[in-house]
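One structure below.
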Amino acid sequence: MGLMHKLRRLLGLVEGHEDKIAKQVSKRTSVSEEKAKRGIEKVQERVGEDSNNDVGDPNRS
C-alpha cells in the first residue's frame, strides 16, 4: 500500500470530523482550533492535488 493511498484513506476517516480533530489538536498543543482546522483542510487539498500527479516521479518536489 503506497503512502498516498494510506494518506487518502486516513483523510477519508477525517472527513466530517475536522472540528472534533481541531479541538483535540488545540487541547494538546498551543495551536488554536481555527489554525488546526485550516491545517487539516490544507493537507486534504494537498493530498487531493498529489493524487492527480504521478507519485513515483523523482522530479517532483
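Both backbone and side-chain heavy atoms feed into the values below; hydrogens, waters and symmetry mates do not.
- Judged as a side-chain contact (heavy atoms from CB on, under 4.5 Å), and not counting sequence neighbours, the contacts of Ser26 are Glu33.
- Residue pairs that meet the side chain to side chain donor-acceptor pair (under 3.5 Å) test with at least one member in residues 14-23, sequence neighbours left out, are Glu18-Gln44, Asp19-Lys37.
- Applying the side-chain contact (heavy atoms from CB on, under 4.5 Å) rule to Thr29 yields the partners Val25, Val31; only residues at least two apart in sequence or on another chain are considered.
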